[in-house]
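Basis for what follows: all heavy atoms, side chains included, without hydrogens, waters or symmetry-related copies. Computed from a predicted structure; not experimentally measured.
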Amino acid sequence: MFKPTIVLLWMFIFSFNCLAQQQSLPKTSAGFPINFNEDAVGTYILPDILRLDNGQKVSGEKEWIEKRRPEILQMIEHIQFGKSPGRPAQLNGQVVEQGAAFRGKAIRKQVVLCFTKDDCSYPVNMLVYVPSASIKPVPLLLNLSFSANNQLVNDSAVRTGYTWTKDGRRVKADTSSRFSKMNIEQFIDAGLGFATIYYGDIEPDFKQGYKYGVRSLYKDSSQYNWAAISAWAWGLSRAMDYFEKDKDVNSRRIALQGASRLGKAVLWAGARDTRFKMVLASISGEGGAALSKRNYGENMLHITDTSRYYYWFTPEYHDYATHSQDLPFDAHMLLALMAPRPLLLQTGDSDYWSDPYGEFLSTPEASRVYALLGKSSLLHKEYPQAGNTSLLMNELGYYMHQGGHTVLPEDWTLFITYMKKYL
C-alpha cells in the first residue's frame, strides 16, 4: 500500500533533479541565448529526403544511388564542410615499428602516413593493433582521438607523440591526457583490430590550424574550400588508403569512431568515402547528428560564431546561421549518406548541449532511405530511455547512456557487440 507513495516520491526527486540540472545550464554562448525548453523549440520543416531537386520523387534504390545521394552529398559538401582533394600522388604509409603487445595477444604496428615525397611534411602517426592469432585479415575499428597514441593506450613501446595546445604550441605528449585510456584488449579478444590517430596530427584544432596541417599542402589551390572537419575526414581516408595495402587488415570491414567534433568528422568521412563499412558517431550534436533547424541546445549561431568554431565549417554554413530554416538540408540527410552501411548514434541523456533528442529526431527521415534499401532502421520507433538497447542493433541504430557528453567504458562494450554483428 506504500507503492504509490514511493512512486510519487521517486517522480518528485527525478523532476527536481532534472530542474536542478536545467537551472545549472548556461544561458548564453557567443552572446546568443540558449534554449533548453522543449516548449520553445519552435516549428521547422525538414527537406524531403526522397525528393529530387527537380521535385520528382525517388522511386527506388537505383534512383537514390545515382541521383538523390549525389545531390545531397554535393549540397553538404558545398555549404557545410567544403570540398577536399582526393588521394595525394605521393601518399606513403611507412611501418616504423612492429612488435608483440599485450602478452603476445596482439601485433602492434606504428605507421607514419606521409603526403609529400621528400620531407614527409605533416606526418600523421597511426597506431595499429591486430590479434596475433588471426590467420586471415581482420575487421578493424579506426578511432579518431583527442589523445596522442602513447596517451591513449597502456603500451610502453608506443612512441611518444606531440599534441597541440589551445594557444597554438606543439608540445611533447609526455604527460597524461585528460581523456581516459582505451582498453585495447577487449577488441583483440573479440577478434577485432584497433587503430587510432590523434586528430591534431592531421590538423590542429584552433583558428589558424590550417597553417600547420594538411590543408597547407593545398594552399595554392582555389578549387578546395574544405574546413577543419573536412580535413580530419580527409586524413581518415588516407588511413584507408594504407589499410588497402595492409595484409593483416580487411579493408572492406573497417569501422570509424569519433566523439563530439570528431563524431562530426567520422560522419562526414563515412558519407564521402564509401569504403568505410561502418560509422559509430558519438555525441556528435550540432553539425553532426542533431537537427540544425531545431532550436535546442547548441545551434548554428553558437557553433559557427567567429569567437568559437567557425573554422570547422565553410563560410557558407556560417551565413545560414541567422536563417537556419532556409538550409536546404539537415542532419537527417547527412545520416542517410551512410545507407545502406551500418551507422550507430551514441549519446547521453543529460548531454542537453548536444541535444540527444534532436539526434534521435534525425533518424525517422534517414530511416526512410535505409528502409528503401532494405535495411533495418528506426522507422516508427519511440524515443528510448537511457540504457535501453532496443534501438541499438539496427543498420541505423541509436543508443543513449545515462550521463553526459562522454563515451563510457560500457559504451565500448556495446560498440564491439555492434561491430561483431555487422562487420
Side-chain angles (χ1 to χ4, degrees), residues 92-114 123-163 172-202 235-236 238-259 262 266 276-278 280 407-420 423:
N92 182 26
Q94 305 171 10
V95 179
V96 295
E97 189 271 342
Q98 181 170 326
F102 309 120
R103 303 173 304 283
K105 280 186 181 182
I107 297 170
R108 178 191 58 251
K109 296 181 184 180
Q110 299 189 69
V111 180
V112 177
L113 302 176
C114 299
V124 172
N125 296 285
M126 181 166 63
L127 177 62
V128 183
Y129 294 98
V130 294
S132 56
S134 295
I135 59 176
K136 60 182 181 179
V138 298
L140 176 143
L141 176 73
L142 174 56
N143 163 250
L144 188 59
S145 176
F146 290 105
S147 302
N149 297 342
N150 62 290
Q151 295 175 320
L152 187 69
V153 301
N154 280 311
D155 184 350
S156 59
V158 177
R159 301 190 307 170
T160 301
Y162 290 83
T163 57
K172 200 166 187 177
D174 52 4
T175 59
S176 297
S177 168
R178 64 186 180 92
F179 299 97
S180 301
K181 286 186 178 292
M182 180 67 67
N183 176 7
I184 305 300
E185 290 188 58
Q186 62 185 324
F187 293 91
I188 302 303
D189 293 341
L192 300 168
F194 179 88
T196 186
I197 293 173
Y198 166 58
Y199 79 132
D201 272 6
I202 303 171
L236 293 173
R238 305 293 69 82
M240 174 60 87
D241 294 336
Y242 163 80
F243 285 128
E244 288 184 323
K245 296 183 177 180
D246 189 325
K247 295 181 180 180
D248 293 325
V249 175
N250 186 341
S251 62
R252 296 184 179 182
R253 296 289 183 269
I254 291 182
L256 288 176
Q257 193 278 335
L262 306 186
V266 297
F276 290 112
K277 172 71 173 181
M278 174 188 292
L280 309 167
V407 183
L408 299 173
E410 53 264 37
D411 296 333
W412 290 105
T413 303
L414 295 173
F415 293 167
I416 289 173
T417 301
Y418 189 80
M419 290 177 65
K420 288 180 72 175
L423 285 184

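When all heavy atoms are compared, the tightest approach of A239 to L142 is CB-CD2, 3.9 Å. In plain terms, the two heavy atoms of Q151 and S176 that are nearest each other are NE2-C, 4.1 Å. Closest approach of F179 and S147 over heavy atoms only: CB-OG, 3.7 Å. Nearest heavy atoms, A190 versus I416: CB-CG2, 3.7 Å. Nearest approach of A259 to V407, heavy atoms of both residues: CB-CG2, 3.9 Å.
Taking V138 as the reference, V130, P131, S134 meet the side chain to side chain contact (heavy atoms under 4.5 Å, CB included) condition, with sequence neighbours excluded. Residues passing the side chain to side chain donor-acceptor pair (under 3.5 Å) test with Y242 are D246, sequence neighbours excluded. With sequence neighbours excluded, the residues forming a side chain to side chain contact (heavy atoms under 4.5 Å, CB included) with N154 are K181, listed by chain and number. Contacts of R103 classified as side chain to side chain contact (heavy atoms under 4.5 Å, CB included), with partners at least two apart in sequence or in another chain: K105, E185.
Residues R238 and D241 meet the side-chain proximity criterion, which asks for heavy atoms closer than 4.5 Å. Counting heavy atoms from C-beta on, the side chains of P137 and V249 never come closer than 4.5 Å. The closest side-chain heavy-atom distance from Q257 to L262 is not below 4.5 Å. For the pair Q94/V111, no side-chain contact is recorded, criterion being any heavy-atom separation below 4.5 Å from C-beta on. At a threshold of 4.5 Å between non-hydrogen side-chain atoms, the residues R253 and L140 do not count as touching. Looking at Q186 and T413, their side chains come closer than 4.5 Å, going by heavy atoms from C-beta outward. Looking at heavy atoms from C-beta onward, Q110 lies out of side-chain contact with V95 at the 4.5 angstrom threshold. For the pair M278 and M419, the minimum side-chain heavy-atom distance is below 4.5 Å.
Here the straight-line distance linking atom CG of L141 with atom CD1 of I184 works out to 9.0 Å at 0.5 Å rounding. To the nearest 0.5 Å, the span separating CZ on R252 from CZ on F276 amounts to 15.0 Å. Here M182 contributes atom CE and S145 contributes atom OG; the two are 7.0 Å apart, rounded to the nearest 0.5 Å. Rounding to the nearest 0.5 angstrom, the gap separating the CG atom in L414 from the OG1 atom in T417 is 6.0 Å.
Relative orientation of the F102 and Y129 rings is tilted, given thresholds of 30° and 60° on the angle between their planes.
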**Request:** Please assess V153 against V158 for the test side-chain contact (heavy atoms from CB on, under 4.5 Å), listing each intermediate value before the final yes or no.
**Result:** CA-CA 8 Å; V153 301; V158 177; 3.8 Å; yes

**Item:** Worked check of side-chain contact (heavy atoms from CB on, under 4.5 Å) between L256 and L236
**Value:** CA-CA 9 Å; L256 288 176; L236 293 173; 4.1 Å; yes

**Prompt:** Would E410 and F415 count as a side-chain contact (heavy atoms from CB on, under 4.5 Å) if you check the C-alpha gap in whole Å, the side-chain angles of each, and the deciding distance to 0.1 Å?
**Reply:** CA-CA 9 Å; E410 53 264 37; F415 293 167; over 6 Å; no

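Without hydrogens or angle criteria, S132 side chain to G104 main chain gives a donor-acceptor distance under 3.5 Å.
Counted by atom type alone, N125 and D201 present one or more donor-acceptor pairs between their side chains at under 3.5 Å.
Screening K109, R108, R159 for a salt bridge (Lys or Arg N to Asp or Glu O under 4.0 Å) involving E97 leaves a single residue, R108.
Note on residues 140-153: no pairs pass salt bridge (charged side-chain N to carboxylate O under 4.0 Å, His left out), not counting sequence neighbours.
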Show me the donor-acceptor pairs within less than 3.5 Å that the side chains of residues 192-199 make with the rest of the protein, sequence neighbours left out.
| from | atom 1 | to | atom 2 | distance (Å) |
| --- | --- | --- | --- | --- |
| T196 | OG1 | N143 | O | 3.4 |
| T196 | OG1 | N143 | OD1 | 3.0 |
| Y198 | OH | W164 | N | 3.0 |
| Y199 | OH | D205 | OD2 | 2.9 |

